[in-house]
*Asks:* 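A single structure is presented below for examination.
Every chain is numbered from 1 and lettered A, B, ... according to where its sequence line falls, protein lines coming before strand lines. None of the values given here were measured: they were computed from a predicted structure.
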Number of protein chains: 2
Amino acid sequence: MDAPAPPTGYRPDAFPPFAVTVDLIVLTIQDDRLRAVVVERGVDPYAGAWALPGGFVRIDEDLPEAASRELAEETGLTAADVHLEQVASYGRPGRDPRMRVVTIAYLALAAHLPELRPGTDASAARFADVDELLGRPGALAFDHGRLLADGVERARAKLEYSPLATAFCPPEFTVAELRRVYEVVWGVSLDPRNFHRKVTGTPGFLVPTGRSTARQGGRPAALFRVGDTQVLHPPITRRDG
Amino acid sequence: MDAPAPPTGYRPDAFPPFAVTVDLIVLTIQDDRLRAVVVERGVDPYAGAWALPGGFVRIDEDLPEAASRELAEETGLTAADVHLEQVASYGRPGRDPRMRVVTIAYLALAAHLPELRPGTDASAARFADVDELLGRPGALAFDHGRLLADGVERARAKLEYSPLATAFCPPEFTVAELRRVYEVVWGVSLDPRNFHRKVTGTPGFLVPTGRSTARQGGRPAALFRVGDTQVLHPPITRRDG
DNA sequence: ACAATAGTGTCTCTCAGACAGTATCGT
DNA sequence: ACGATACTGTCTGAGAGACACTATTGT
């Protein structure tokens with residue numbers, strides 16, 4: 001249970017002090033690649049190494065609030081602009097060599113990110129290719145490689161049965177733009193015709209706006225916005241050709 | 001990021017002290033009902049109320065270790081006997097009226113639970129009907145009603161695409177026993193014939209042992225054990241008749 | 001006309017759900 | 001023989017993937 005020691009009856013050493021942080025897996029798509037925000041650490045340990053953005057939870061704020069605040073400090077994005085959800089927590093002793101730290105990882109997905117500005121505890125911030133980061137163990141400080149892997153896997157899984165892919169798109173988007181999101185995040189190529197039929201046929205997923213895009217050399221595409229359904233029936237299955 | 005303050009460059013008030021606990025959602029099936037372990041609190045706040053079992057994470061143990069230890073203290077089950085996985089973390093200020101506590105919820109599934117023995121901080125322990133607990137807001141202390149709801153929903157969702165249902169079964173089990181798990185956890189009734197064809201046809205899910213059960217009034221059923229597949233293709237879909 | 005992209009129709013295969021029918025036990 | 005439970009076969013409809021075909025733009 002959650003209680004600290006009462007006046008009597010408990011182990012007297014039952015309340016070891018922890019630091020609690022939130023770390024952010026901020027994903028976006030740039031140049032048809034999945035990218036994550038990483039910051040350069042300005043201090044030891046891992047000074048000069050890249051890490052996920054994050055920071056301490058304040059004594060008076062909830063965990064999602066802390067994640068939103070850190071996201072805003074790091075990217076300038078507000079909670080209304082992004083999808084933000086908790087992924088998992090990590091607290092192995094020694095994951096930070098100086099003290100006992102438990103961190104709660106949050107996944108943030110955004111369509112377009114403004115200029116990155118380094119936070120108060122980092123000297124630089126940039127976008128890094130996710131596949132490259134995951135393919136190189138030790139590319140990130142602490143256990144952030146695992147945090148990133150878990151966050152990316154969460155995103156990949158949720159594309160199937162939730163409208164999460166639209167979080168990578170602007171408010172109005174075409175079916176082709178949505179398909180590109182699935183292709184980039186999953187690392188596959190999808191049949192444009194079957195994909196179109198599937199997503200437009202899933203009730204509540206896409207809402208036509210009536211508008212269409214001006215295009216260069218091709219039929220204009222209808223613009224959609226995301227519907228209010230939170231679960232896709234049928235799902236957009238991952239094991240397509 | 002995860003680091004405490006370096007000698008310079010950080011806010012000096014950046015390390016508020018937190019208590020960190022693990023709470024357990026221990027589920028099992030008794031009398032064709034989904035049941036959860038709850039303990040009676042011996043001290044304020046919520047003295048006399050029921051809560052999920054749990055306790056403080058020690059300074060030198062990892063989060064899964066703490067969950068295993070608490071599970072053993074509360075139920076006598078070892079990690080080898082149960083499925084144990086992290087669900088989510090909760091840290092709203094004020095969720096414990098005395099101090100700032102962040103808790104990490106773990107889901108534990110077991111086939112048969114031995115006699116429950118109350119932990120050091122609880123005066124009694126029992127199994128409670130999950131539907132009844134969820135239908136009565138405030139049935140559990142703190143925010144444990146939400147923890148339970150999130151844990152149960154995790155279990156329900158994972159029955160579809162993972163062999164998790166076998167965690168509710170003894171090492172060797174019949175198809176009918178497995179079906180009963182799905183029916184109880186999902187609260188539906190499933191066609192025995194279609195269910196049989198589905199689970200035996202999903203590669204890697206079930207392994208025949210060659211043995212069969214002695215039965216009372218009916219053809220003996222073949223005994224299976226769980227295979228090594230972690231993901232079911234095709235899944236056992238939830239929206240059956 | 002032609003290239004390019006958007007969108008539709010059609011075929012086949014797999015799988016889910018309904019349910020008839022067969023197999024193997026205890027009584 | 002009969003009831004009970006285990007298991008198999010067959011039908012139908014929904015959906016996935018392959019891919020031919022039509023629609024609408026710019027050049």
*Asks:* As a test of reading the structure: which of D/dG17, D/dA6, C/dA6 is closest to the side chain of B/Arg179, going by heavy atoms?
*Replies:*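 The closest nucleotide is D/dA6.
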*Asks:* Nearest-Å distance, CZ (A/Phe195) to C1' (C/dA6)?
*Replies:*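 Result: 14 Å.
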*Asks:* Between D/dC7, C/dG17, C/dG7, which one does the side chain of B/Ala222 approach most closely?
*Replies:* D/dC7
*Asks:* Given C/dA18, D/dA23, D/dA16, identify the nucleotide with an atom nearest to the side chain of A/Pro234.
*Replies:*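 Nearest to the side chain of A/Pro234 among the choices is D/dA16.
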*Asks:* Flag the pair B/Asp32 and B/Arg180 as a salt bridge only when some basic side-chain nitrogen lies within less than 4.0 angstrom of an acidic carboxylate oxygen.
*Replies:*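 Salt bridge: yes.
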*Asks:* Would you say a side-chain N or O of B/His196 is under 4.0 Å from OP1 or OP2 of D/dC7?
*Replies:* yes
*Asks:* For the side chain of A/Thr237, starting at C-beta, report the closest nucleotide among D/dA20, C/dT24, D/dA16.
*Replies:* D/dA16
*Asks:* Go through the steps for B/Val26 and B/Glu74 under the test side-chain contact (heavy atoms from CB on, under 4.5 Å), then give the verdict.
*Replies:* CA-CA 10 Å; B/Val26 185; B/Glu74 211 70 51; over 6 Å; no
*Asks:* Step by step, would you call A/Arg238 with A/Glu153 a salt bridge (Lys or Arg N to Asp or Glu O under 4.0 Å)?
*Replies:* CA-CA 12 Å; A/Arg238 198 166 170 178; A/Glu153 180 49 37; 3.5 Å; yes
*Asks:* Starting at atom CZ of B/Arg211, determine the distance to atom P of D/dA6, rounded to an integer number of angstrom.
*Replies:* 18 Å
*Asks:* Among the nucleotides C/dC19, C/dA6, D/dA6, which one has an atom lying closest to any side-chain atom of A/Ala176?
*Replies:* C/dA6
*Asks:* Judged by each residue's nearest nucleotide on DNA chain C, which is more toward the 5′ side, B/Asn194 or A/Val175?
*Replies:*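 By nearest-heavy-atom nucleotide position, the 5'-most residue is A/Val175.
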*Asks:* Looking at B/Asp62 and A/Arg92, does any basic side-chain N land under 4.0 Å from a carboxylate oxygen?
*Replies:*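 Between A/Arg92 and B/Asp62 there is no salt bridge, as every charged N stays at least 4.0 Å from the carboxylate O atoms.
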*Asks:* Given atom CZ of B/Phe173 and atom P of D/dA6, what is their separation to the nearest angstrom?
*Replies:* 14 Å
*Asks:* Counting side-chain heavy atoms from C-beta on, which of D/dA18, D/dT24, C/dA16 comes nearest to A/Arg197?
*Replies:* D/dA18
*Asks:* What's the closest nucleotide to the A/Lys198 side chain, out of D/dA16, C/dG7, D/dA6?
*Replies:* D/dA16
*Asks:* For A/Arg33, is there an ion pair with A/Asp31 - N to carboxylate O distance below 4.0 angstrom?
*Replies:*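 Looking at A/Arg33 together with A/Asp31, the answer is no, because their closest N to O distance does not fall below 4.0 Å.
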*Asks:* Rounding to an integer number of Å, can you tell me how far B/Leu223 CG sits from C/dT24 P?
*Replies:*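 So the two atoms are 17 Å apart, to the nearest Å.
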*Asks:* Could you tell me the separation between the CD atom of A/Glu177 and the P atom of C/dG7, rounded to a whole number of Å?
*Replies:* 11 Å
*Asks:* For the pair made of CZ in B/Arg193 and P in C/dA23, what is the distance, rounded to whole Å?
*Replies:*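 Between P of C/dA23 and CZ of B/Arg193: 16 Å.
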*Asks:* Could you state the CG-P distance from A/Leu190 to C/dA6, rounded to the nearest angstrom?
*Replies:*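 Distance, rounded to whole Å: 14 Å.
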*Asks:* What's the CG-P distance between A/Asp191 and D/dG15, to the nearest Å?
*Replies:*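 Going from A/Asp191 (CG) to D/dG15 (P), I get 18 Å.
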*Asks:* Closest approach to the side chain of A/Arg219, judged atom by atom: which nucleotide of C/dG17, D/dC7, D/dT24 is it?
*Replies:* D/dT24
